[in-house]
Amino acid sequence: MIKKPFVTKEKLEEIAAKYPTPFYLYDEKGIRDTAKAVKEAFSWNKGFREYFAVKATPNPFILDIMKEYDFGTDCSSLAELALSKACGFPGDHIMFSSNDTPREEFVYADRIGAVINLDDFTHISFLEDAIGHIPERISCRYNPGGVFKMGNDIMDNPQDAKYGFTKDQLMEGFKILKAKGAKEFGIHAFLASNTVSNDYYPELARILFELLVEVKEKTGCKITFINLSGGVGIPYTPDKEPNDIRKIGAGVHKVYDEILGKNGMDDVAIYTEMGRFMLGPYGALITRAIHEKHIYKEYIGVDACASNLMRPAIYGAYHHITVMGKENEPCDHKYDVTGALCENNDKFAVDRMLPKIDMGDLLFIHDAGAHGFSMGYNYNGRLWSSEILLKEDGSAQLIRRAETLRDYFATFDCFPIYQKIPFDELENL
Ligand SMILES: *Cc1c(COP(=O)(O)O)cnc(C)c1O
């Protein structure tokens, strides 16, 4: 697939004149088109709901868009629960799929009526201790162990994953939850990440639908939803083709009819918790070339660094780069594109063939809309960037301001050092 930026150079320069680089830019149209396609792909299932994985892009303006499609949120922490609640999501639209969960997070999740998705057998008693009861509606996360294969391809290793109940624990857990007052149950599993295949959800659905039938037989529990979680991927590299959510929806539908339909269980709702698929392609990190360096290799230094987007540094992940305005020029220069961290893995690209880059050029780093900004950090005292939404009408809306040194030093504000930092001077260099 040819990778094209969702914005022109002229528009980007206009935005950058107002909001200095680096910044994250999100494409409202792409997000909405995807939300509509997801809704349509699963419209055959009456109870379907996408619970957008907040951790992918935890911004209230993005969550507001999700809310317009009657989606919910999937949370993994107190902050994400609080954000969802503040954005106005009702409890049954908030899924709490956490693990290694602190007590107070269960308390708050229960208080706001979120659906609690337990990660472990021991969390049954932990939850009961924390909130004093077992909710009537509850879910458990399943880990089948072994390796997860699709055809002959090994997709992932659930046996090495820290998540979920074993099958025996799940059967036992459901019985205990039922005895303690739970009435409606869900089953959740996340078996492979960033799958660029229309077969992942259908394959996972088959495993969970068969499990549902077995759980029902063995425990008598009423299972009202199956949560396919995240894992639907995006093509980071240009040689891959994007998933077709309509095909994925139809694939799940087929398995649903085959297994649940024939057992008279066609009132089970399908839930998803996609993050990457919903937002990944519709966000970019925008940065400017500020240095070029010629030593044993050719380097381009940009004003963003791995603290803004850590995926290349920690996973060696490929993120396509477009040099704005040079889309049609030959890629005849080999560069390492680097940030300023004192870490040699702070490289957005290694040995990448790109058009000749001049100082001041804007670089569009693709597919950073999910697990991009949100994985940021402050190493080397680097600050968090702003986030901007490119609206459907072409205007640009600031949806998070850039972090300042005042924010960075705020946790020292009860110490005398805070008063000695010349913020005004530092902000006007
Ligand atoms: C991270 C995560 C997701 C979202 O995953 P994507 O691959 O971004 O779709 C969904 N559910 C849970 C429990 C997660 O941890």
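Given the structure is predicted, the values throughout are model-derived calculations rather than measurements. Atoms within each ligand, like the ligands themselves, are counted from 1 in listed order.
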Checklist line | Partner set under side-chain hydrogen bond (donor to acceptor under 3.5 Å, both in side chains) for Arg406, not counting sequence neighbours | finding: Asp424, Glu427

Checklist line | NZ/NE/NH1/NH2 to OD/OE distance under 4.0 Å, Glu387 and Arg401 | finding: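 Arg401 and Glu387: not salt-bridged.
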
Note to self: Please tell me whether Thr322 and Glu327 have a donor and an acceptor in their side chains that are separated by less than 3.5 angstrom.
What the structure shows: no

Next item on the list: List for me each residue that meets salt bridge (Lys or Arg N to Asp or Glu O under 4.0 Å) alongside Asp92, sequence neighbours excluded, and say none if there are none.
Entry: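 For Asp92 there are no salt bridge (Lys or Arg N to Asp or Glu O under 4.0 Å) partners, ignoring immediate neighbours.
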
Next item on the list: Evaluate whether atom NE2 of His133 has more than 12 neighbouring non-hydrogen atoms of other residues, nucleotides or ligands under 6.0 angstrom away.
Entry: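 Counting neighbours around NE2 of His133, more than 12 heavy atoms of other residues, nucleotides or ligands fall under 6.0 Å, so yes.
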
Atom pairs and distances, side-chain donor-acceptor, residues 151-168, under 3.5 Å, sequence neighbours left out:
from   : atom 1 : to     : atom 2 : distance (Å)
Lys162 : NZ     : Asn99  : OD1    : 3.0
Thr166 : OG1    : Gln169 : N      : 3.2
Lys167 : NZ     : Glu214 : OE1    : 3.0

Margin query: I'd like the contact residues of ligand 1, where contact means a heavy atom below 4.0 Å.
Written below: Ala53, Lys55, Asp74, Ser97, Arg141, His188, Phe190, Ser229, Gly230, Gly231, Glu273, Met274, Gly275, Arg276, His371

